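As structure tokens, the structure follows; a few thoughts come after it.
Every value quoted in this text rests on a predicted model; they were computed, and no experiment measured them. Atoms considered below: every heavy atom in the structure, side chains included; atoms not considered: hydrogens, waters and symmetry mates. Order of the sequence lines sets the chain letters (A, B, ...), proteins ahead of strands, with each chain counted from 1.
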There are 4 protein chains.
Amino acid sequence: MSGRTGDLPSKQTEGLPAAEARFWTGDYYNQGNDQASGMMDKLKEECGVFGVFGHKDAAELSYYGLHALQHRGEESCGICTSNLGGDFHYHRGMGLVKEVFDRDRLDSLVGANAIGHVRYSTAGASRLANAQPLVFKYRGGDLAVCTNGNLVNEPIIRRELEESGSIFQTTSDTEVIAHMIARSSKDLVEAVKDAFSRLIGGFAFLIMTKDVLIAACDPNGLRPMVMGRLGDAYIFASESCSFEVIGAEYVRDVQPGEIIVLDRNGIREERYAVLQRRSVCAMEYIYFARPDSDIGTINLHSARKRMGQQLALESFVDADIVTGVPDSSISAAIGYAEQTGIPYELGLIKNKYTGRTFIQPSQELREKGVKMKLSAVRKVVQGKRVVMIDDSIVRGTTSLRIVNLLREAGALEVHVRITSPPFANPCYYGIDTPDRRDLIASSKTVEEIRQAINADSLYFLSKPGLLEAVGGAESEYDRGLCLGCFTNDYPTPVEFEDAKATSCSCD
Amino acid sequence: MSGRTGDLPSKQTEGLPAAEARFWTGDYYNQGNDQASGMMDKLKEECGVFGVFGHKDAAELSYYGLHALQHRGEESCGICTSNLGGDFHYHRGMGLVKEVFDRDRLDSLVGANAIGHVRYSTAGASRLANAQPLVFKYRGGDLAVCTNGNLVNEPIIRRELEESGSIFQTTSDTEVIAHMIARSSKDLVEAVKDAFSRLIGGFAFLIMTKDVLIAACDPNGLRPMVMGRLGDAYIFASESCSFEVIGAEYVRDVQPGEIIVLDRNGIREERYAVLQRRSVCAMEYIYFARPDSDIGTINLHSARKRMGQQLALESFVDADIVTGVPDSSISAAIGYAEQTGIPYELGLIKNKYTGRTFIQPSQELREKGVKMKLSAVRKVVQGKRVVMIDDSIVRGTTSLRIVNLLREAGALEVHVRITSPPFANPCYYGIDTPDRRDLIASSKTVEEIRQAINADSLYFLSKPGLLEAVGGAESEYDRGLCLGCFTNDYPTPVEFEDAKATSCSCD
Amino acid sequence: MSGRTGDLPSKQTEGLPAAEARFWTGDYYNQGNDQASGMMDKLKEECGVFGVFGHKDAAELSYYGLHALQHRGEESCGICTSNLGGDFHYHRGMGLVKEVFDRDRLDSLVGANAIGHVRYSTAGASRLANAQPLVFKYRGGDLAVCTNGNLVNEPIIRRELEESGSIFQTTSDTEVIAHMIARSSKDLVEAVKDAFSRLIGGFAFLIMTKDVLIAACDPNGLRPMVMGRLGDAYIFASESCSFEVIGAEYVRDVQPGEIIVLDRNGIREERYAVLQRRSVCAMEYIYFARPDSDIGTINLHSARKRMGQQLALESFVDADIVTGVPDSSISAAIGYAEQTGIPYELGLIKNKYTGRTFIQPSQELREKGVKMKLSAVRKVVQGKRVVMIDDSIVRGTTSLRIVNLLREAGALEVHVRITSPPFANPCYYGIDTPDRRDLIASSKTVEEIRQAINADSLYFLSKPGLLEAVGGAESEYDRGLCLGCFTNDYPTPVEFEDAKATSCSCD
Amino acid sequence: MSGRTGDLPSKQTEGLPAAEARFWTGDYYNQGNDQASGMMDKLKEECGVFGVFGHKDAAELSYYGLHALQHRGEESCGICTSNLGGDFHYHRGMGLVKEVFDRDRLDSLVGANAIGHVRYSTAGASRLANAQPLVFKYRGGDLAVCTNGNLVNEPIIRRELEESGSIFQTTSDTEVIAHMIARSSKDLVEAVKDAFSRLIGGFAFLIMTKDVLIAACDPNGLRPMVMGRLGDAYIFASESCSFEVIGAEYVRDVQPGEIIVLDRNGIREERYAVLQRRSVCAMEYIYFARPDSDIGTINLHSARKRMGQQLALESFVDADIVTGVPDSSISAAIGYAEQTGIPYELGLIKNKYTGRTFIQPSQELREKGVKMKLSAVRKVVQGKRVVMIDDSIVRGTTSLRIVNLLREAGALEVHVRITSPPFANPCYYGIDTPDRRDLIASSKTVEEIRQAINADSLYFLSKPGLLEAVGGAESEYDRGLCLGCFTNDYPTPVEFEDAKATSCSCD
């Protein structure tokens with residue numbers, strides 16, 4: 001099929017060299033770094049949304065809020081503001097929040113309501129057209145939309161819209177939603193509900209007109225969204241860590257199938273779908289969300305530490321030190337160490353300065369041992385039996401590389417412990433996963449993977465163990481997880497013609 | 001009505017300070033400079049388009065072609081390329097052609113067909129969303145469009161489209177056209193013809209899909225477009241000066257109401273409107289087009305020189321030197337000097353380095369005589385009776401300033417001669433004119449204007465004189481001019497509800 | 001005395017607002033971030049040097065090596081290369097290594113020998129003139145010099161040089177050394193030895209001509225420098241962490257008073273001063289150096305962990321969690337937790353994206369709780385008795401702020417444990433310390449400090465405890481520390497007229 | 001001898017490809033453009049200086065003044081300010097005045113005295129170290145120096161200084177002068193006089209300390225400098241065009257061998273050399289200076305017009321049109337047209353947007369006729385006998401190219417008329433000329449040159465004709481010209497060992 005380059009790219013990545021299109025761009029705060037590597041294979045980060053209703057400093061709060069969500073997307077960002085009944089003001093740009101906005105920009109974004117977005121980093125060229133919020137004019141006036149997640153049936157809906165004369169300037173699900181809203185003859189809230197009723201997937205949405213701000217989650221609550229208060233204002237965000245930095249108070253998670261409407265009359269909490277058991281993406285717990293965020297009542301650092309403790313219970317190994325792959329597995333490593341009494345040590349260190357523009361070493365230098373981002377600490381691991389904690393194994397290439405780093409630095413044994421079950425199936429809800437055939441766990445046994453990554457032993461956290469760790473929390477509700485990537489059992493239909501996997505709808 | 005800021009601005013400028021929104025941004029190659037002044041009141045430049053069909057270096061040729069059209073738009077530019085049947089590749093950016101494209105960018109724009117655009121400079125913030133070509137996905141696949149001109153009935157069509165569910169991401173006429181094409185159930189060429197049949201205004205269009213490149217002009221030929229050949233390739237451009245730089249051969253002007261279709265089968269020259277007498281914008285002859293461009297058989301430097309000669313015939317004045325306001329009136333001044341025998345001298349000089357980022361002097365320094373861009377050459381004008389040739393008087397503030405510059409440098413007398421009739425009416429076809437009430441000629445007599453600009457005498461070229469000067473050319477056809485801004489007699493209806501004046505459709 | 005602004009600044013900071021001149025710009029990898037705060041008061045980072053002799057990829061190795069030393073200086077960097085007998089090639093710029101160099105730049109830096117530098121971030125304007133290596137022409141040809149540290153008697157030597165006709169373009173010690181070398185009538189190595197014999201202070205130098213590369217340390221070994229091998233090439237660096245990334249092998253530390261000369265004849269290890277007991281800057285162990293670096297046989301993560309363990313032995317407190325102030329005190333916090341059995345938790349988190357261009361919240365928002373960089377994790381600390389580990393207390397304002405962050409997040413008690421003795425005296429050897437009167441420990445008792453920082457208890461690691469922790473290593477030699485900032489007992493004379501404290505010679 | 005790259009380059013260009021090192025970078029306002037060409041061979045521009053003594057807006061006046069001198073140097077610029085007795089403030093950068101300075105920068109440059117500089121564009125890499133004013137610390141405090149011109153005996157003096165221990169960070173004459181001043185035991189003015197007494201060459205200097213501003217010219221007045229008044233303030237500049245833009249009044253030219261000292265006691269006009277007949281560089285009249293500048297009583301546009309008239313008298317040719325090579329030869333072409341009655345036409349046009357970053361067409365496209373900067377106007381020249389006026393022929397390659405452009409556009413005959421005698425000898429006073437062997441007039445007769453440039457006829461203005469044209473002015477003094485490049489008869493000794501030709505001392 002046809003793709004294209006430019007600032008309106010196709011969502012498909014087949015045109016890109018695999019090495020470029022798929023390598024790891026995320027750990028919890030410095031994704032993008034690994035673009036330098038070409039050897040990494042971590043999961044791609046999704047996006048983050050942030051909204052304010054009713055605060056005179058809406059733009060500035062969004063700036064700090066999005067900054068706290070920066071780990072969810074480094075490629076581009078944007079903020080759109082409005083007063084009730086007033087004009088839209090917005091700015092979007094390529095780069096980090098701190099790079100895209102300066103004081104003058106922020107000051108120009110007047111209004112008490114705002115929605116903002118951070119978009120994850122892709123390997124391709126600069127693509128400002130994809131920066132969100134997208135802003136449209138339609139019959140009802142101005143409309144701004146931003147999303148995190150993926151619509152499984154987007155190709156079907158898009159084709160229908162094209163057949164009836166719609167044109168698209170981006171490949172984003174966001175634009176599809178805007179078309180659906182504009183096509184409806186109902187009022188905005190009903191139009192949004194109608195549109196959402198047709199959507200299948202995992203998503204969190206913020207929608208703003210000059211009169212209304214709407215927050216909504218998919219019917220299964222796959223993508224997280226939290227609601228908070230700051231004085232009289234309402235705040236919405238992908239993660240609660242953004243509340244702490246602006247001094248907002250967490251109120252509750254937005255529920256599956258819920259649509260929250262804020263306008264001159266205050267707040268209305270409605271539903272467009274019956275309440276189901278929540279199925280939060282397990283990888284949010286394991287890897288994506290910041291450790292200082294909470295999902296429901298569960299703090300993620302604590303959950304990850306319990307994953308490490310659970311791993312220790314399930315798979316103790318006699319060793320000299322425990323080390324975590326930074327940054328995402330530090331918490332779990334400390335948990336493993338606490339549980340076993342084996343000392344936690346800094347066996348691996350990541351250079352925080354590596355980033356987009358970093359020059360990749362020549363093949364020759366790489367073969368000679370030039371490392372870019374992650375290095376093993378020789379004095380710490382030399383002559384030691386090492387337990388190495390990581391969050392997941394995707395292709396296996398990264399794990400192999402890290403195990404070898406430890407061995408080259410003198411580790412006697414390397415025992416790999418993973419804080420999730422084997423990742424054997426694609427995600428349909430916004431995580432940019434490789435094709436199934438590239439997922440090492442889809443075709444290899446644990447023993448085969450162990451050999452492939454050159455480990456002395458390998459253990460994956462059991463599904464019950466994962467649930468137990470997450471469920472250090474009180475309620476059944478909080479423990480509802482989507483485990484599709486481990487189990488191939490998804491909370492929604494996924495088998496459509498053209499159904500989209502492996503990408504975030506933000507793209 | 002509602003406006004908004006951001007990268008999707010409203011076309012209306014009422015939100016902007018008048019001084020910012022309206023001052024002169026154009027002379028024939030360095031518009032934008034006068035933004036520093038706040039005192040200028042020249043007409044805003046329009047845009048330029050450039051297209052290639054069937055040349056392996058389509059992007060590079062577009063680069064040089066757009067560079068030659070840079071005077072028509074300095075704010076942003078873009079190129080979209082494709083091979084027949086292939087994918088689109090494109091890049092757009094803020095700034096000059098040489099700033100937006102580098103070798104890597106050009107090399108990434110593969111394909112034998114291309115359309116490109118330069119957009120005029122506005123006073124507001126950076127607005128990449130308005131950069132053209134706009135690129136869409138629609139039922140038929142990829143669609144790229146770029147335009148120069150203005151659709152008078154765009155608001156009516158846009159409202160109709162919104163009523164039936166269309167959403168808009170820009171305020172450009174270009175997007176309206178794309179919607180009209182996408183809504184049609186006919187094939188592309190018929191859809192374009194249908195769409196064009198509904199348009200009222202002055203415009204030049206280039207449209208590209210993976211199969212077809214289309215060039216078209218409005219039914220009156222208000223905005224110029226020329227066709228050329230380079231080997232087997234076809235070239236289209238707003239002005240012929242761009243042919244010379246790439247070594248292309250001029251073939252002919254695209255005719256009023258004509259639509260030229262290039263595809264695998266070669267070239268088809270069709271019409272979507274009956275052929276009328278051409279009404280080329282007179283200001284293209286007087287001011288906008290580069291002096292080395294031709295319209296039809298007429299070279300613009302020669303036409304302007306004849307305007308100067310005609311002025312001399314109509315309004316000789318005994319003086320010591322003739323000087324032209326640079327850069328646009330140099331040719332006319334030389335014509336005036338040749339006709340009268342009064343020596344042409346460099347009485348006014350413009351600093352070519354002044355530009356976007358130039359710091360404006362403080363009020364205090366300005367009052368003390370700090371000049372920014374234009375200065376009088378004291379040794380040349382001191383003690384002299386000066387004939388000062390200019391192309392038009394819009395508000396009169398610039399003329400007053402220049403006359404005073406000459407007087408402060410010691411000119412004994414300043415006789416102003418203008419190479420056009422009084423500019424008393426707005427343009428509806430793409431020139432960004434002030435409101436009628438701000439046009440000095442709409443309310444003042446020539447004598448009153450003379451007083452307002454502090455000249456010893458003032459004369460405007462007569463309408464017959466202008467036609468005579470332009471008609472140094474052979475054919476009646478070439479002399480067909482739109483003189484609406486002088487006569488208030490326009491070649492199309494202009495009195496619609498919401499009819500748009502004073503802006504270029506590219507915005 | 002006279003100061004000046006511009007790219008040749010005075011070293012003195014009295015002209016700067018205290019808040020600007022002195023706040024914290026360093027933790028081990030993201031210093032500069034705290035410039036946004038205005039509330040921080042951490043010690044300023046020094047600089048880092050890196051050299052290669054005899055490797056065809058000298059520039060590229062320097063790039064990776066300096067990148068690994070980036071935490072020692074974020075303001076500017078540079079690399080100068082040469083082949084034996086060949087021309088110099090160099091490039092310097094403002095910003096991070098990855099920002100200043102691109103592939104083209106690196107490729108232009110041909111030659112098998114290189115010296116490079118990273119310079120610490122200052123609050124003032126852009127100062128490219130201070131970027132190192134400095135490159136001179138002198139009688140002997142080209143000369144490149146870069147340094148880390150501070151010369152105590154620089155003002156005296158500078159005055160002597162000025163009196164005899166020298167001119168200075170920077171305020172750097174580096175230029176002083178170059179003058180001294182140029183004034184000597186001896187050969188280069190002897191000239192360098194003579195010059196070094198006159199220097200009093202703490203410094204590490206790399207000097208390059210087209211024939212020779214010289215590495216040297218001050219007579220007390222205050223500033224660290226290590227030597228390594230990569231194949232046949234020699235490598236020098238401020239810290240060993242840079243060896244790991246390029247695959248180089250650590251050989252040994254450069255000794256106090258040693259001068260190592262590399263030329264066509266190979267390596268010569270000489271001395272310009274008798275060997276003394278080494279006095280490595282204790283703050284390198286406690287705070288500056290990267291945890292994966294070693295000094296002598298001591299790994300710094302391990303040393304810091306032992307500091308935490310030692311603190312636990314000296315000052316146990318019954319608490320619920322231990323947390324470290326990121327990033328420098330994580331290792332020590334883990335040590336404290338291991339020793340006490342109190343769980344280590346992520347009670348404080350730092351946003352890694354904060355940096356130079358980050359917009360500071362308005363006073364109003366800050367008062368309302370907007371945080372910039374560091375935030376407490378509510379779910380982790382709420383209702384808990386917290387042990388908070390930090391490396392030092394300089395003014396006390398930062399500690400107060402962090403304690404309050406923890407209290408606002410619900411901590412019941414906050415017990416502060418510091419991995420160093422009270423910092424009561426200025427540094428004369430390259431750490432940019434505040435005036436003595438601004439050091440809280442210079443005038444307050446521990447109890448007074450405890451009150452000032454609002455802690456429930458406060459304890460500073462004892463001097464014997466610090467030595468014990470560092471001396472987990474085998475040799476007496478490795479334990480030789482400069483403790484001047486704690487004890488006011490310095491390894492060199494410091495009482496000169498005009499003697500310089502509080503700055504790094506690189507400035 | 002050894003050269004080097006980097007920001008401290010050698011003045012020698014032998015390391016550069018000839019095509020890069022030597023092509024035309026100057027016409028009177030847009031030099032640098034031709035770097036894109038690789039085919040040009042115009043003379044390199046020199047530099048420009050500007051100074052203010054005693055005006056509260058010294059920095060801002062310097063900004064506008066340097067902007068007016070921008071044609072003398074586009075590579076870098078700088079301003080240094082001071083109040084009497086106060087600190088220095090300065091800023092330098094790569095690029096145009098408008099790019100290097102913004103409002104904040106200007107506002108930070110406080111003080112009533114200022115000196116500033118624009119430096120000419122070179123083909124090499126970014127070289128900020130060469131940007132002037134250079135600022136030093138020496139025994140007497142702060143010292144800022146900027147120059148235009150070249151010291152013939154600089155290598156001898158530099159070697160002496162190096163032998164006695166001086167180090168150099170630039171290759172600029174300016175640094176040599178600073179060393180000479182610093183080495184002197186006398187007071188500043190006497191030290192400067194002593195230093196100048198040793199200098200041989202053509203130069204204009206501005207020197208500033210916190211107490212004094214000094215302006216000086218070489219003993220022969222080779223490089224121009226003018227003095228003006230603005231209220232009570234004194235202004236100095238390379239050209240008078242900069243006075244007009246700031247509203248300053250021209251007072252007089254600085255005389256050969258004069259040194260003007262401004263301090264608390266007012267102005268002192270002294271000499272360091274006996275007054276000789278002035279020998280202003282003839283190329284300033286012919287080509288370098290802006291047409292709105294005056295030298296002495298002579299306006300340069302007028303002088304150039306007279307050169308054209310004189311050419312017409314000396315070498316009339318029957319033709320249809322006269323055209324000038326833009327921009328420098330327009331004035332002369334108008335003079336030729338006026339004298340002969342042959343119409344002046346715009347036969348050649350230059351694209352003003354071409355510049356540093358412009359992409360050079362591939363060889364293939366160039367051969368196919370893609371032009372970059374200059375193009376012939378077909379409609380104007382087709383079928384015409386053309387007189388083409390240019391200012392000089394250096395290598396001949398540019399002339400050949402332009403003649404061919406005209407022929408390809410249909411010119412029947414091309415008659416080249418040059419407003420200077422044959423350029424057969426290098427310049428030693430600041431014009432960056434090619435080696436003598438590359439000067440076409442050094443080895444070819446006029447007839448041979450005519451053949452080489454493919455002209456139908458060729459004539460060079462005679463030396464008496466040139467003097468006559470310049471001497472349209474009243475005084476003998478004003479007519480004193482250096483004609484060394486035409487006559488090989490120089491006003492100073494030039495035959496030193498290592499004597500420098502072909503470069504500006506600013507480099």
Side-chain angles (χ1 to χ4, degrees), chain A residues 29-30 57 60-61 63-64 67-68 70-71 96-99 101-103 106 230 241 244-247 290-292 294 297-299 301-302 305 330-331 334 337-338 343-346 349 351-359 361-362 364-365 368-372 375-380 409, chain C residues 29-30 57 60-61 63-64 67-68 70-71 96-99 101-103 106 230 241 244-247 250 290-292 294 297-299 301-302 305 330-331 334 337-338 343-346 349 351-355 357-359 361-362 364-365 368-372 375-380 409:
Chain A
Y29 21 57
N30 216 358
D57 299 312
E60 191 161 356
L61 292 173
Y63 175 86
Y64 295 112
H67 178 64
Q70 189 78 76
H71 62 289
L96 303 178
V97 173
K98 69 173 180 174
E99 294 164 351
F101 293 94
D102 57 22
R103 173 55 64 185
L106 270 192
L230 180 63
C241 63
E244 192 64 29
V245 298
I246 62 165
R290 252 173 58 164
D292 56 333
D294 309 322
T297 57
I298 303 169
N299 168 258
H301 159 70
S302 304
K305 208 172 145 185
I330 302 298
S331 297
I334 290 169
E338 273 188 25
Y344 169 85
E345 298 291 351
L346 193 69
I349 194 161
N351 189 320
K352 297 294 183 184
Y353 294 102
T354 316
R356 271 194 297 269
T357 57
F358 196 65
I359 302 175
S362 62
E364 182 189 346
L365 283 183
K368 284 189 176 158
V370 169
K371 285 133 201 119
M372 286 142 303
S375 50
V377 184
R378 186 171 302 270
K379 274 278 189 337
V380 169
Chain C
Y29 21 58
N30 216 358
D57 299 312
E60 191 161 357
L61 293 174
Y63 175 86
Y64 295 111
H67 177 64
Q70 189 78 76
H71 62 288
L96 302 179
V97 172
K98 69 173 180 176
E99 295 164 351
F101 293 93
D102 56 22
R103 174 55 65 186
L106 270 193
L230 180 62
C241 62
E244 192 65 28
V245 299
I246 62 166
Y250 168 85
R290 253 174 58 165
D292 57 331
D294 309 323
T297 58
I298 303 169
N299 167 257
H301 159 71
S302 304
K305 208 172 146 186
I330 303 297
S331 297
I334 290 169
E338 274 187 25
Y344 169 84
E345 298 291 351
L346 193 68
I349 194 161
N351 189 320
K352 297 294 183 185
Y353 294 102
T354 316
T357 58
F358 196 63
I359 301 175
S362 63
E364 182 190 346
L365 284 182
K368 285 188 175 157
V370 169
K371 285 134 201 117
M372 287 143 301
S375 50
V377 184
R378 185 170 302 272
K379 275 277 188 337
V380 169

Exercise. Does some side-chain heavy atom of A:K352 sit less than 4.5 Å from a side-chain heavy atom of C:Q70?
Worked result: no
For this session: Please determine, among C:V380, C:D57, C:D292, the option with the most heavy-atom pairs under 4.5 Å with chain A.
Result: C:D292
For this session: Would you check if C:N351 and A:R290 make a side-chain contact, meaning some heavy-atom pair closer than 4.5 Å?
Result: yes
For this session: Count the heavy-atom pairs under 4.5 Å between each of A:I334, A:L230, A:L61 and chain C, then report the option with the highest count.
Result: A:I334
For this session: Find out whether C:L365 and A:I246 are in side-chain contact, i.e. whether some heavy atom of one side chain is under 4.5 Å from a heavy atom of the other.
Result: no
Exercise. Are the side chain of C:K305 and the backbone N or O of A:E345 linked by a donor-acceptor pair below 3.5 Å?
Worked result: no
Exercise. Is there a donor-acceptor pair under 3.5 Å between the side chain of A:K379 and the backbone N or O of C:H301?
Worked result: no
Exercise. Relative to chain A, which segment of C:E364 carries a heavy atom at a distance below 4.5 Å: side chain, backbone, both, or neither?
Worked result: side chain
Exercise. At a heavy-atom separation under 4.5 Å, does A:L106 approach chain C through its side chain, its backbone, both, or neither?
Worked result: side chain
Seminar exercise, completed: So, the part of A:E338 with a heavy atom under 4.5 Å from chain C: the answer is side chain
For this session: Under 4.5 Å heavy-atom distance to chain A, tell me which part of C:A376 shows up: side chain, backbone, both or neither.
Result: backbone
Seminar exercise, completed: Answer key: most heavy-atom pairs under 4.5 Å with chain A among C:P343, C:S302, C:S375 is C:P343
Exercise. Any side-chain heavy atom of C:V377 within less than 4.5 Å of one from A:P291?
Worked result: no
